Protein chains: 2
Amino acid sequence: MKAKIVITPKKAVLDPQGKTVQNALALMGYTGVGAVHVGKYLEIELTGADKDMASRQIAEACHKILSNPVIEDYRFEIE
Amino acid sequence: MKAKIVITPKKAVLDPQGKTVQNALALMGYTGVGAVHVGKYLEIELTGADKDMASRQIAEACHKILSNPVIEDYRFEIE
C-alpha cells in the first residue's frame, strides 16, 4: 500500500513561496496565472495490509509530525 | 480552472528529506513504514478558459521553472 499526502498552507495564512512563484510565472510571460499555493507532497510506502489501521496511523502522523495543524491543512489517500 | 502539480525527486536520486521522515516515523513508533518520498505540491489558479492551452503552458512552466528535470519528475492535472 502507499499513502499519498498533500500538505498545504491554510487559505488564511500568508504563502510567500506561492506569491513568489506567481510573480516569477508572470515575469516569464505566462498570462492568466492567478493565485499560486505551494505545499508539500509525501509518498509513504506501507508494508501492512490493514487499510483502516494504516489510514488511522497516517492521519495521526499527519497531525502530530508531518504537518503543522496551526497553519497547514493536510489530506491523504491510501492506495 | 486550477492546475495541481506534483513534483517528486526521481527514484534514482537520493532523497535525504524522505529518509529523515522515514526515520522519524520509525522512532515515533509507527511500524510498517517503508520508503518515504518528499516532493512539492503546487496549486495554480488559472483565469483562462482554454484547457489545452493551459495544459501546454503548465507543462512548459513545469519543465522550465517549477521543477529541475535533471533530478525531479513532475505530473499535473488541470481541473
Side-chain angles (χ1 to χ4, degrees), chain A residues 1-11 15 17-67 72-78, chain B residues 1-11 15 17-67 72-78:
Chain A
M1 286 190 301
K2 194 179 263 190
K4 296 183 174 181
I5 303 165
V6 169
I7 299 168
T8 48
K10 283 183 197 285
K11 295 291 175 201
D15 181 359
Q17 205 181 349
K19 192 68 194 163
T20 305
V21 171
Q22 185 184 348
N23 291 345
L25 288 171
L27 283 172
M28 297 284 287
Y30 294 97
T31 52
V33 171
V36 178
H37 302 282
V38 178
K40 277 175 287 187
Y41 174 79
L42 289 98
E43 258 182 31
I44 302 182
E45 279 166 32
L46 301 167
T47 52
D50 183 344
K51 195 167 171 176
D52 285 346
M53 173 77 173
S55 181
R56 275 197 304 278
Q57 281 203 329
I58 291 293
E60 193 188 284
C62 281
H63 196 77
K64 283 192 182 169
I65 319 176
L66 302 175
S67 79
E72 289 172 328
D73 288 323
Y74 62 83
R75 60 179 188 273
F76 66 90
E77 54 188 33
I78 313 268
Chain B
M1 286 189 300
K2 195 180 264 189
K4 295 182 174 183
I5 304 166
V6 169
I7 300 169
T8 48
K10 282 183 198 283
K11 296 290 176 202
D15 181 1
Q17 206 182 349
K19 192 68 194 163
T20 305
V21 171
Q22 185 184 349
N23 291 345
L25 287 171
L27 283 172
M28 297 283 287
Y30 294 97
T31 54
V33 172
V36 178
H37 303 281
V38 179
K40 276 176 288 187
Y41 174 79
L42 289 99
E43 259 181 32
I44 301 183
E45 279 165 32
L46 300 167
T47 52
D50 184 345
K51 195 167 172 176
D52 284 347
M53 174 75 174
S55 182
R56 276 198 305 277
Q57 281 203 331
I58 291 292
E60 194 189 283
C62 281
H63 196 77
K64 284 194 181 168
I65 320 176
L66 303 174
S67 80
E72 290 172 327
D73 288 322
Y74 61 83
R75 61 180 187 276
F76 66 89
E77 56 188 32
I78 312 266

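Everything numeric in this text was worked out from a predicted model, so none of it was measured. Numbered from 1 within each chain, the chains take letters A, B, ... in sequence-line order.
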Largest heavy-atom contact set with chain B, pairs under 4.5 Å, which of A/Gln22, A/Gln17, A/Met1, A/Glu60 |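 The answer is A/Glu60.
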Pairs of heavy atoms under 4.5 Å with chain A: top-ranked of B/Gly18, B/Gly48, B/Ala35 |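 Top count of heavy-atom pairs under 4.5 Å with chain A: B/Ala35.
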If you take all heavy atoms of A/Tyr74 and A/Ser67, which pair is closest and at what distance?
->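 So the minimum-distance heavy-atom pair works out to CD2-OG, 3.5 Å.
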Determine whether more than 12 heavy atoms belonging to other residues, nucleotides or ligands lie under 6.0 Å from atom NZ of A/Lys19.
->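 Open: at most 12 neighbouring heavy atoms sit under 6.0 Å from NZ of A/Lys19.
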Does atom NZ of B/Lys64 have more than 12 heavy-atom neighbours from other groups under 6.0 Å away?
->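 Incorrect, the count does not exceed 12.
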Side-chain heavy atoms of B/His37 within contact of B/Thr8, under 4.5 Å =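 No - every pair of side-chain heavy atoms lies 4.5 Å or more apart.
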Answer yes or no: is there a side-chain heavy-atom contact under 4.5 Å between A/Ile7 and A/Cys62?
->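 No - every pair of side-chain heavy atoms lies 4.5 Å or more apart.
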Given a strict heavy-atom distance threshold of 4.5 Å, which part of B/Val33 is in contact with chain A: side chain, backbone, both, or neither?
->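 Both backbone and side chain.
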Chain A contact via B/Val6 - which portion, at a heavy-atom distance below 4.5 Å =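 The side chain, not the backbone.
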Please report the interatomic distance [atom1]([X]) to [atom2]([Y]), rounded to the nearest 0.5 Å.
X       : Y       : atom1 : atom2 : result
A/Ile58 : A/Glu77 : CD1   : CD    : 12.0 Å
A/Ile5  : A/Ile78 : CD1   : CD1   : 7.5 Å
B/Asp73 : B/Lys11 : CG    : NZ    : 8.5 Å

Could you look at A/Leu66 and say if it's the side chain, the backbone, both or neither that has a heavy atom under 4.5 Å from chain B?
->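 Interface part for A/Leu66: side chain.
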What part of A/Val38 is in contact with chain B, defined as an atom under 4.5 angstrom from a non-hydrogen atom: side chain, backbone, both or neither?
->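 Both the backbone and the side chain of A/Val38 come within 4.5 Å of chain B.
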Hey, mind stepping through A/Met28 and B/Ile65 against side chain to side chain contact (heavy atoms under 4.5 Å, CB included) and telling me if it holds?
-> CA-CA 9 Å; A/Met28 297 284 287; B/Ile65 320 176; 3.5 Å; yes
Residues of residues 39-47 of chain B with any heavy atom under 4.5 Å of a heavy atom in chain A |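 Expected list: B/Gly39, B/Lys40, B/Tyr41, B/Leu42, B/Glu43, B/Ile44, B/Glu45, B/Leu46, B/Thr47.
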